[in-house]
Amino acid sequence: MNELLLIGSIFIIFGAELLFFKLFAKSGLYVFTAIATIAANIEVLIFIKAFGVDMTLGNVLFAATFLCTDIISEVYGKREARKAVTIGIITNITFVVFAQWWLLYTATNPETMTAMHAVFDQVPRVMIASLVVYIVVQYMDVFLYHKWWTLTDKKFGDHKKYLWFRNNASTLVSQFLNTVLFNVFAFYGTVGKKELLSFIFVGYIIFVATSFADTPFVYLARKISEKGKFVMVSDVNAKN
């Protein structure tokens, strides 16, 4: 069941992201970035066994934030992609503050507060780790996306080709750094070394799979933008 849910989550989450884009254009992706960053940092507290190995959840949702920045980079340019990263950072900080504020109350429903503490007492360490890593790897992803784009554009003289290359080459590099840094910062000392290495290995394998899986969604997003006459990156390059 866990395996089927993981595979299904790729299509559901990426599909939902594409729907947000189709309905609300760039604003939809900014909203989805905020949703995914909050949900991923709660979901990562759930440990499961799937495909015969131990892993944490949250990988697919976090991968969705990379899909957001890649679509925005492709359609709107580097400046707007960096804005999406900034929104993710502010969302993380705001959520940490809110979650810790809730725990200060003396509640009349102690069962609920016990459950809240069980979840959100762990949030600061996970969210701080996530925030630091998010800042580093997301800005790196945007930088690499446009660096690969510049190189292929100069070499082949076609601005629209090789989307698959810039999408995967940027994400696979940044996601490797993300997987190692986040798991070490968030879980070192709270789980065994063997389990930690399993989280890193399995997490990166999932990110490799999601990176290849999200490529068709970037192509679909570009097609949606062309049909919907959104502002394309070729129209804003001079501004970036």
Side-chain angles (χ1 to χ4, degrees), residues 2-14 17 32-33 36-71 73 81 84-85 88-89 92 122 125-148 163-218:
N2 283 343
E3 290 81 0
L4 291 175
L5 288 170
L6 280 172
I7 293 169
S9 69
I10 293 174
F11 296 99
I12 292 170
I13 292 169
F14 290 174
E17 187 170 335
F32 200 91
T33 296
T37 51
I38 291 174
N41 283 296
I42 297 174
E43 194 181 34
V44 77
L45 299 173
I46 302 172
F47 297 179
I48 67 166
K49 196 175 196 70
F51 302 105
V53 292
D54 295 318
M55 65 178 74
T56 64
L57 293 180
N59 293 313
V60 178
L61 275 168
F62 197 69
T65 65
F66 285 82
L67 177 56
C68 278
T69 53
D70 284 356
I71 292 174
S73 286
V85 176
I89 294 168
N92 270 281
Q122 301 179 64
R125 175 173 177 169
V126 172
M127 290 290 281
I128 290 169
S130 175
L131 178 62
V132 172
V133 175
Y134 183 89
I135 293 170
V136 173
V137 301
Q138 286 283 10
Y139 280 122
M140 176 183 288
D141 183 66
V142 173
F143 169 79
L144 289 175
Y145 192 97
H146 289 273
K147 179 62 69 175
W148 297 133
L163 188 162
W164 61 269
F165 175 75
R166 54 183 173 269
N167 169 234
N168 288 294
S170 60
T171 302
L172 290 175
V173 173
S174 54
Q175 287 286 33
F176 176 75
L177 185 62
N178 163 59
T179 308
V180 174
L181 291 179
F182 174 75
N183 282 287
V184 170
F185 289 162
F187 299 118
Y188 184 79
T190 65
V191 299
K193 290 183 180 179
K194 184 178 179 181
E195 195 171 16
L196 180 61
L197 289 173
S198 175
F199 288 167
I200 293 172
F201 175 75
V202 175
Y204 188 62
I205 293 300
I206 292 173
F207 280 135
V208 169
T210 55
S211 177
F212 289 126
D214 78 10
T215 302
F217 290 90
V218 182

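Here the structure is a predicted model, which is why all the values come from computation and not from measurement. Basis for what follows: all heavy atoms, side chains included, without hydrogens, waters or symmetry-related copies.
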>> Run the salt bridge (charged side-chain N to carboxylate O under 4.0 Å, His left out) test against Lys49 and tell me which residues pass, sequence neighbours left out.
In response: Asp54
> Which residue pairs satisfy the side-chain hydrogen bond (donor to acceptor under 3.5 Å, both in side chains) criterion with at least one member in residues 176-187, sequence neighbours excluded?
Replying inline: Gln175-Asn178
>> I'd like to know if the side chain of Asn92 and the backbone of Gly88 have a donor-acceptor N/O pair within less than 3.5 Å.
In response: yes
For the [atom1] atom on [X], are there more than 12 heavy atoms of other groups (residues, nucleotides or ligands in this structure) within a distance under 6.0 Å?
{"X": "Phe176", "atom1": "CZ", "answer": "no"}
{"X": "Phe11", "atom1": "CZ", "answer": "no"}
{"X": "Phe165", "atom1": "CZ", "answer": "yes"}

Shortest non-hydrogen separation from [X] to [Y] and the atoms involved:
{"X": "Trp148", "Y": "Ser170", "answer": "NE1-N, 3.5 Å"}
{"X": "Asn167", "Y": "Ser211", "answer": "OD1-O, 3.9 Å"}
{"X": "Leu61", "Y": "Ala36", "answer": "O-CB, 3.7 Å"}
{"X": "Tyr134", "Y": "Val85", "answer": "CE2-O, 3.4 Å"}
{"X": "Phe62", "Y": "Ala40", "answer": "N-CB, 4.0 Å"}
{"X": "Phe32", "Y": "Ala64", "answer": "CE2-CB, 3.9 Å"}

> Run the side chain to side chain contact (heavy atoms under 4.5 Å, CB included) check on Leu6 and Ile48 step by step: do they pass?
Replying inline: CA-CA 11 Å; Leu6 280 172; Ile48 67 166; 4.1 Å; yes
4.5 Å side-chain heavy-atom contact, [X] and [Y]:
{"X": "Thr69", "Y": "Tyr139", "result": "no"}
{"X": "Phe187", "Y": "Thr56", "result": "yes"}
{"X": "Val53", "Y": "Phe201", "result": "no"}

From [X] atom [atom1] to [Y] atom [atom2], the distance as rounded to the nearest 0.5 Å:
{"X": "Phe199", "Y": "Phe182", "atom1": "CZ", "atom2": "CZ", "result": "10.5 Å"}
{"X": "Leu144", "Y": "Ser73", "atom1": "CG", "atom2": "OG", "result": "10.5 Å"}
{"X": "Ser198", "Y": "Phe47", "atom1": "OG", "atom2": "CZ", "result": "11.0 Å"}
{"X": "Thr37", "Y": "Gln138", "atom1": "OG1", "atom2": "CD", "result": "9.5 Å"}
{"X": "Ile71", "Y": "Leu163", "atom1": "CD1", "atom2": "CG", "result": "9.5 Å"}
{"X": "Leu172", "Y": "Phe66", "atom1": "CG", "atom2": "CZ", "result": "10.5 Å"}

>> Within the 3.5 Å criterion, strictly below it, is a donor on Asn59 or Thr210 matched to an acceptor on the partner's side chain?
In response: no
>> Determine whether Leu177 and Val173 satisfy the following criterion, side chain to side chain contact (heavy atoms under 4.5 Å, CB included), listing intermediate values before the conclusion.
In response: CA-CA 7 Å; Leu177 185 62; Val173 173; over 6 Å; no
>> For Asp70, run the side-chain hydrogen bond (donor to acceptor under 3.5 Å, both in side chains) check against Thr215, Thr171, Asn168 and tell me which one passes.
In response: Thr171
>> Just to verify, what does Phe143 make a side chain to side chain contact (heavy atoms under 4.5 Å, CB included) with, not counting sequence neighbours?
In response: Lys147
